[in-house]
Amino acid sequence: MQVRTRFAPSPTGYMHIGNLRTALYAWLHARRNGGRFILRIEDTDQARLVEDSVRVIYESLRVTGLDHDEGPDKGGPAGPYVQSERRHIYREYAEKLLASGHAYRCFCGKTEKQEEPPQSEDKPREGGEEQSAPILGYDGRCSRLAEAEIKANLDKGLPFVVRQRIDKEGSTSFRDFIYGDITVDNKQLDDQILLKRDGFPTYNFANVVDDHLMGITHVMRGCEYLSSTPKYVLLYKAFGWDYPEHIHLPHILGPSGRKLSKREGSVALSDFLDKGYLPEAILNYIALLGWNPGTEQEYFTIPDLIKTFDVARIGKAPATFDEVKLAWLNGQHIKALPAEKAHGLFARFYPPELSGVDLNRLSSHIQGKVEKPCDIPAMVSFLAGLEGTYSPELFVNKKNKTTREGCLAALGDLKGVLSALPAWDHPSILAALTAYGGEKGLKTGAVMWPLRIALSGRAVTPTGAVEIAELLGREEVLRRLDLGMDKLRSA
RNA sequence: GGCCCCUUCGUCUAGCGGCCUAGGACGCUGCCCUCUCAAGGCAGAGAUCACGGGUUCGAAUCCCGUAGGGGCCGCCA
């Protein structure tokens, strides 16, 4: 049977990194098995619609390369898959359940304001208050309504919701691919709402209907649905449908060990893209959060991932998102980039003051050491100017055995050597410096150190001293050499 | 509160009864190399496998319990 997976995001306005991982796993599983990957927009909550969010979803999938085979913008015999456009379908299936007695109409009104706990309104729910206020302690009374009462209510035009009728006897089990056998007593399962007053289905219903209608073979989603799945299983049974393989995924946690959230830093794909993380590095990293290849390989290209990904190696324990490791992996992917691509990635991070510098060269110099391109401005700022003052103490370096006096002398000599240099390019500069070191019996490090400090004002730079000199140009180099000597003298 | 799930170095993880005096990666520390730092190479610190009981000749691996964490219990998904 052909594997069919789906990604079913709701339009929240941004692509959460946890959702992206779910999409990635579903996509990889489909691609790995020559199956189909379907995109379905779950926009059944009218109150929470966020403008433009469908575009964000498309854009996120486009930039990460998680292409779908069927869905809203691809047409196809089974598309488009936007739940708000499929209301008639859910209504039709709700009618079937109503007819078979697996569901019933509930006419209970919304909660009285006074009944709400006075101060438990910690976080006001986002939108939809009038319609979606829960019925506190719904006791199932409408499930026992007589036929005549229902008819009377209907005739009066009373609004209603459709609820799933769950027999509270016994228990319901299913086998999750990751978590194994899950059994829940039916008395734990409430008569969940299938169709809301506004005629839209809830996730609980639309999801089951669509997954069946779209022939989804493997339902992959976050494990927050694990304990609701028995209710879905009951729905499948009520319809007489086979249920798909369930693959619940462990959560991704934030640094504090709590669910990854905006408060704790970046959670949206766009946040990482803005910082200069490569889509393939992001995918590589999140693939490893909850899954491992069974080998010691950690660096993966997307084709590698397709070849290697296996749902059998997904773990159960939640994983903490670690941006430091993401950054390392990003650095690995940056190193693998062709020079032009790397420069293209870096370009937007160069500050405008660097206009006089050969940025292409700079890019090739730093490609091997950039992990997060957003660090670039700070890395290269010294090239624009030695803003502020650096401490002459920097000239003293134990490892290279440099002293102030020695540096002062070296700087003076270097000024002579460099101003006399016929050509200004990397090999010439390097040759002159090593020759000078040889003459004076100095190790190259002892020559480079004072030069680096004078040119950059810092002990750590993203490129070697010679590269800096070349990039800066002779005039600026000589000027900075003077500045360094001034500092050493006045200190 | 009820129910469900999870628990190996700081973090991601390997491990599916003996190969584990628990392996790899990130990070950290040190050394080497080099035009400094970085990168690269090498080395090291870092986990009594949450805890307590079993089962077994033998348990990180199986069973039970406890604790901690997470999730669900919405006309949200």
Side-chain angles (χ1 to χ4, degrees), chain A residues 8-10 12 42-45 47-48 106 108 110 125-128 130-136 138 159-163 176 178-180 182-185 187-190 192-198 200-204 206-207 221-231 248 250-251 253 255 257-259 285 288-299 313 315-322 324-329 331 335 366 368-370 397 399-400 402 429-430 433-434 437 443-453 456 458-467:
Chain A
S10 55
T12 56
E42 309 222 322
D43 58 343
T44 56
D45 187 349
R48 286 203 198 184
C106 173
C108 292
K110 58 182 203 238
R125 292 183 176 124
E126 303 145 36
E130 300 80 10
Q131 280 235 43
S132 62
I135 316 290
L136 255 31
Y138 170 69
F160 61 87
V161 299
V162 174
R163 286 182 187 270
D176 181 82
I178 307 293
Y179 291 96
I182 307 286
T183 300
V184 174
D185 284 342
K187 62 174 184 288
Q188 296 292 333
L189 307 176
D190 47 69
Q192 62 180 350
I193 291 174
L194 270 18
L195 237 42
K196 305 182 239 183
R197 253 197 229 214
D198 62 5
F200 278 84
T202 57
Y203 167 87
N204 304 318
N207 200 260
R221 51 153 78 122
C223 66
E224 67 269 26
Y225 293 108
L226 203 52
S227 44
S228 322
T229 301
K231 288 188 280 200
H248 285 95
H251 283 141
L253 273 22
R258 322 195 113 261
K259 211 162 142 189
Y285 178 68
L288 261 13
L289 251 26
W291 170 83
N292 78 81
T295 64
E296 283 174 357
Q297 181 178 1
E298 292 204 296
Y299 176 90
R313 297 200 61 90
K316 297 177 177 183
T320 304
F321 189 92
D322 179 18
V324 174
K325 185 147 184 181
L326 200 215
W328 170 77
L329 214 37
K335 272 181 208 153
I366 67 175
K369 66 198 330 176
V370 171
N397 178 263
K399 195 168 166 188
N400 288 307
T402 56
I429 300 168
L430 179 56
L433 293 176
T434 29
K443 296 222 313 190
T444 354
V447 178
M448 295 299 171
W449 184 262
L451 179 64
R452 145 186 309 276
I453 301 301
S456 70
R458 44 170 101 169
V460 180
T461 55
T463 73
V466 179
E467 284 87 349

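Lettering follows sequence order; numbering is per chain, from 1. Just so it is clear, the model here is predicted, and its values are computed rather than measured.
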B:rC33 and B:rG27, which share atom name C1', separated by this distance in whole Å | 23 Å
Salt bridge check: are A:D198 and A:K196 linked by an N-O gap of less than 4.0 Å?
-> no
Nearest-neighbour nucleotide for the A:V161 side chain, B:rC37, B:rA77, B:rC75 considered = B:rC75
Across the strands shown, which category fits A:G290 at heavy-atom distances under 4.0 angstrom: base, sugar-phosphate, nothing?
-> sugar-phosphate
Look at all strands and tell whether A:V324 reaches a base, only sugar-phosphate, or nothing, counting heavy atoms closer than 4.0 Å.
-> sugar-phosphate
Give one of base, sugar-phosphate or nothing for A:E298, where a contact means two heavy atoms less than 4.0 Å apart.
-> base
For B:rA14 and B:rC19, measure between their C1' atoms and round to the nearest Å.
-> 14 Å
Taking atom P in both B:rG18 and B:rA22, what distance in whole Å separates the two?
-> 16 Å
A:G464 backbone acceptor or donor facing A:E467 side chain under 3.5 Å | yes
Determine the Euclidean distance between corresponding P atoms of B:rU13 and B:rC35; express it in Å to zero decimal places.
-> 41 Å
The side chain of A:R48 lies closest to which of these nucleotides: B:rC37, B:rG27, B:rG74?
-> B:rG74
Does a side-chain N-to-carboxylate-O contact under 4.0 Å join A:K259 and A:E224?
-> no
Donor-acceptor contact below 3.5 Å, side chain A:Y285 vs main chain A:A327 = no
Using only side-chain N and O atoms of A:K196, determine if any of them is under 4.0 Å from OP1 or OP2 of B:rC76.
-> yes
Quick one: label A:R221 by what it contacts on the DNA or RNA (base, sugar-phosphate, nothing), any heavy atom closer than 4.0 Å.
-> nothing
Would you check if the side chain of A:D176 reaches a backbone N or O of A:H248 as a donor-acceptor pair within less than 3.5 Å?
-> yes
A:T44 vs B:rA77: side-chain N/O to OP1/OP2 distance below 4.0 Å = yes
Those residues at least two apart in sequence (or on a different chain) that pass side-chain contact (heavy atoms from CB on, under 4.5 Å) with A:Q297 are A:T295, A:F300, A:D304
Tell me the partner of B:rG1, counting only Watson-Crick (N1-N3 plus N6-O4 or O6-N4) or G-U wobble (N1-O2 and O6-N3) with both under 3.5 Å; none if nothing fits.
-> B:rC73
How does protein reach along nucleotides 2-11 of chain B, written 5' to 3' as B (base within reach of a heavy atom under 4.0 Å), S (only sugar-phosphate), or - (no contact)?
-> SSSSSS---S
Could you tell me whether A:N207 contacts a base, only the sugar-phosphate backbone, or nothing, with contacts defined as non-hydrogen atoms closer than 4.0 Å?
-> nothing
SB check A:R163 A:D190 (cutoff 4.0 Å) = no
A:N292 side-chain N/O to B:rA14 phosphate OP1/OP2 under 4.0 Å | yes
Looking only at atom P, what distance separates B:rG40 and B:rA77, rounded to whole Å?
-> 47 Å
Does A:R48 pair with A:D45 as a salt bridge, N-O distance under 4.0 Å?
-> yes
Write down the partner of B:rC19 under the Watson-Crick or G-U wobble criteria, each distance required to be under 3.5 Å.
-> none
For A:H251 and for A:Y225, locate the closest nucleotide of RNA chain B by heavy-atom distance; then report the residue assigned to the nucleotide nearer the 5' terminus.
-> A:H251
Considering Watson-Crick and G-U wobble pairs with both distances under 3.5 Å, what does B:rG44 pair with?
-> B:rC28
Show each protein N/O and nucleotides 47-52 of chain B N/O combination with a separation under 3.5 Å, one pair to a line.
none

Could you tell me which nucleotide pairs with B:rC51 by Watson-Crick or G-U wobble geometry, both distances under 3.5 Å, or answer none if nothing does?
-> B:rG65
Considering only the C1' atoms, how many Å lie between B:rC76 and B:rC9, rounded to the nearest integer?
-> 39 Å
Taking the side chain of A:D45 as heavy atoms from C-beta outward, which of B:rG74, B:rC76, B:rA38 is closest to it?
-> B:rC76
Using a cut-off of 4.0 Å on non-hydrogen atoms, how would the nucleic acid contact of A:K187 be classed: base, sugar-phosphate, or nothing?
-> nothing
Just to confirm, is there a sub-4.0 Å distance from OP1 or OP2 of B:rU34 to any side-chain nitrogen or oxygen of A:K443?
-> no
Given B:rG24, B:rC12, B:rC35, the nucleotide with the shortest approach to the side chain of A:E296 = B:rG24
Is a side-chain N or O of A:T202 found less than 3.5 angstrom from the main chain of A:I193, in a donor-acceptor match?
-> yes
